[in-house]
Protein chains: 2
Amino acid sequence: MIYVTIIEDHQDFREGLTFLLNASEGYTCVDNFGSAEEAISSLSGREDVILLDINLPELSGIEAIPLIREKHPQVKIIMLTVCDDDDTIIQAILAGADGYLLKKTAPEKLLSSLQDTLEGGSAMTPSIANKVFSLFKKHVPVKNNAISLSSRESEVLQLLVEGLDTAKVAKKLFISIQTVRNHIRHIYKKLQVHSKSQAVAKAIKEGLV
Amino acid sequence: MIYVTIIEDHQDFREGLTFLLNASEGYTCVDNFGSAEEAISSLSGREDVILLDINLPELSGIEAIPLIREKHPQVKIIMLTVCDDDDTIIQAILAGADGYLLKKTAPEKLLSSLQDTLEGGSAMTPSIANKVFSLFKKHVPVKNNAISLSSRESEVLQLLVEGLDTAKVAKKLFISIQTVRNHIRHIYKKLQVHSKSQAVAKAIKEGLV
DNA sequence: GGTAAAATGACGTAAAAGTGTCATTGTATA
DNA sequence: TATACAATGACACTTTTACGTCATTTTACC
């Protein structure tokens, strides 16, 4: 038996969902709340998984995640929302959601997602998965293997990315400023840049560090 | 009717999959190949979606993706593999896969994933989705909302990240070098840094651009 | 044993950057 | 209406950068 709590401000939807869960074998809705504040103060702790709306009055679903986790670290949280814009999805994932479903998701899919989540997976509708794939491609650096820095050069570049200037790098590596200048010069040549900031930008974007 | 091509070197699995597809209403296996090379030279173009193994002899499934896309830009490609290590998943997503399923995926789930993919979604098993979530958290910058740059400051910072120096920024924004210096000065104060490279690093890492 | 690359270091110089101080104008917002 | 902030621009000054040229030592490889 999977115990579910719903946090959702639209009464009709909340009640519909409660009915669906209780009518489905193996699922029980143990609680439902109309706001995040109410839920946070009254959560029974009996639920295995929480279906959490994002667009709640006052405290949003995303802001609620860390507060819920504070008291119930092991409960699974699935976002259930109409929002599918990039930033909302990113924020939810970063906040620690275990799943992200759209409200138009078919009932059977919703129920199986609860199951999947409890087995350690993350629930997503295919359209959300598609967005996550795109966002992933946008944010993960494309390793550039064409650029081969020497170990010392990599070391220097790493320190530059961490914000050290030439003098600090020299001090840290126990070598002279002149030598660091030389390494930087070689790094510039290999990365085809002409300043520290360009080198740092390229290093981060191309996954050289 | 959904037309599917299978590229998979294990004969038993390939034949089992072919049988499953042809036995299921609405699905037809139009071709199957034991290697990527064979597939690339002989693809009929009749398929809507390709189920592609990663661990193929010679050319790997990941290397095959761009070659397949070259000739068939609109075909959907779902990776079907036993590998679930982080790097393989990342590489597949970056190479442009439309889905990523494990071979142990239940037949019904596999069939519905084909459907989902054709509707523009991305197919993933919940366990893979979970990995993608983790990887996402690892790679996506944590937006720092405590830092509030003015619109002009953001604009300048953006250009610095793109590698422009002070003079180029001034030219691009049709303002004087002195003004750009001033904006940069304010940016430094807000980001609490003292050089372009530090600002650029912080901008990228904290998602300010 | 010679060649190449890496790591170290130096001198010089023009350009750029970083920072302090100041001023004007426009746009909100309390 | 006063106050704050954003955007614009300037002058001065010191430090740092970027780059050219050069040299020594070590390590790796054919």
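Nothing here was measured: the structure is a model prediction, and the numbers come from that model. Just so we're on the same page: letters track the sequence lines, and every chain starts at 1.
At a threshold of 4.0 angstrom between heavy atoms, the contacts of B:Ser176 are confined to the sugar-phosphate backbone, with no base atom among them. Residue contacts shown for A:Asn182 include a base, since a base heavy atom lies under 4.0 Å away.
Here C:dA5 presents its P atom at 11 Å from NE2 of A:His186, a figure rounded to the nearest Å. Rounding to whole angstrom units, CG of residue B:Asp165 and P of C:dG18 are separated by 11 Å. Look at CG on B:Leu160: it is 16 Å from P on D:dT17, rounded to the nearest Å. The distance from atom CD1 of A:Ile177 to atom P of C:dG9 is 11 Å, rounded to the nearest whole Å. Atom CD of A:Gln178 and atom C1' of C:dC11 are 8 Å apart (whole Å).
Closest approach to the B:Tyr188 side chain among D:dT8, C:dT8, C:dT19 is made by C:dT19 (side chain taken as heavy atoms from C-beta onward). With D:dC19, C:dT8, D:dT8 as the candidates, the nucleotide lying closest to the side chain of A:His183 is C:dT8. Closest to the side chain of B:Arg152, from the set C:dA6, D:dA7, C:dT19, is D:dA7. Ranking D:dA18, C:dA7, D:dT17 by closeness to the A:Ser195 side chain, first place goes to D:dA18.
In this model, the phosphate group of D:dT17 is approached by a side-chain N or O of A:Thr166 to a distance below 4.0 Å at OP1 or OP2.
In terms of polar N and O atoms assigned as donor or acceptor, the side chain of A:Arg185 never comes within less than 3.5 Å of the base of D:dA18 in a complementary pairing.
Both B:Arg181 and B:Ser148 sit near DNA chain D, but only B:Ser148 has its closest nucleotide nearer the 5' end.
Between B:Phe136 and A:Phe136, the ring planes are parallel. Angles under 30° get that label, and only those over 60° would be called perpendicular.
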Using the rule given for side-chain contact (heavy atoms from CB on, under 4.5 Å), can you reason through B:Ile7 versus B:Asp53, listing the C-alpha separation, both sets of side-chain angles and the distance that settles it, and then say yes or no?
CA-CA 6 Å; B:Ile7 307 176; B:Asp53 187 25; over 6 Å; no

